[in-house]
Amino acid sequence: QVQLMESGGGSVQPGGSLRLSCVASGRISSINTMEWYRQAPGKQRELVAGISTVGTTNYADFVKGRFTISRDNAKNTVYLQMSSLKPEDTAVYYCNADVRSGSPWPTVRNYWGQGTQVTVSS
């Protein structure tokens, strides 16, 4: 069974920074795209950033220049460095990944973490 576990959320003042981490665990063969989503109260879940196996990144327009996604393939971990945080960044942040796992015939499935709360407020 594969699990994604986020950490690093918390409360911060506007203009502050946080670094989120998401670790994938289990009988993992490989991880394809890893992404961060967020969901604010009363709103739909939205894509924040994504990163491919080889490090190609994409960002939502509302975080470009402020957030940076990275990954450590050896640690099955994806990070989201968030800077210049705004109150509108307040949301639960979720990790998502396409993971190849299982034996003897590994298959690819999509997994979600449980989310970590980020609150930006003065």
Short question: side chain of [X], backbone of [Y] - any donor-acceptor pair under 3.5 Å?
X: Arg45; Y: Arg38; answer: no
X: Thr90; Y: Val120; answer: yes
X: Arg27; Y: Pro106; answer: no
X: Glu6; Y: Gly115; answer: yes
X: Asn32; Y: Ala97; answer: no
X: Thr116; Y: Gly9; answer: yes

For the hydrophobic clusters of this structure (ILVMFWY residues joined by side-chain heavy atoms under 4.5 Å, transitively), does one cluster hold both Ile69 and Phe62?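 Yes.
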So, for Tyr94 and Gln114, which heavy atoms are closest and what is the spacing to 0.1 Å?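 It is CE2-O, 3.5 Å.
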Geometric cation-pi criterion, Arg19 with Tyr79: 6.0 Å, 45°: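 Yes; both conditions hold, so Arg19 lies above the ring face of Tyr79.
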Under 4.0 Å between a side-chain nitrogen and a carboxylate oxygen: does that hold for Asp61 and Lys64?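 Between Lys64 and Asp61 there is a salt bridge, with a charged N closer than 4.0 Å to a carboxylate O.
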Assess the residue pair Arg100 and Thr107 against the criterion (side chain to side chain donor-acceptor pair (under 3.5 Å)); give the C-alpha distance rounded to whole Å, side-chain angles, the decisive distance to 0.1 Å, and a yes or no. CA-CA 5 Å; Arg100 183 179 298 276; Thr107 58; over 6 Å; no
If you measure from CE on Met34 to CD1 on Ile51, what distance do you get to the nearest 0.5 Å?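 Between atom CE of Met34 and atom CD1 of Ile51 there are 9.0 Å.
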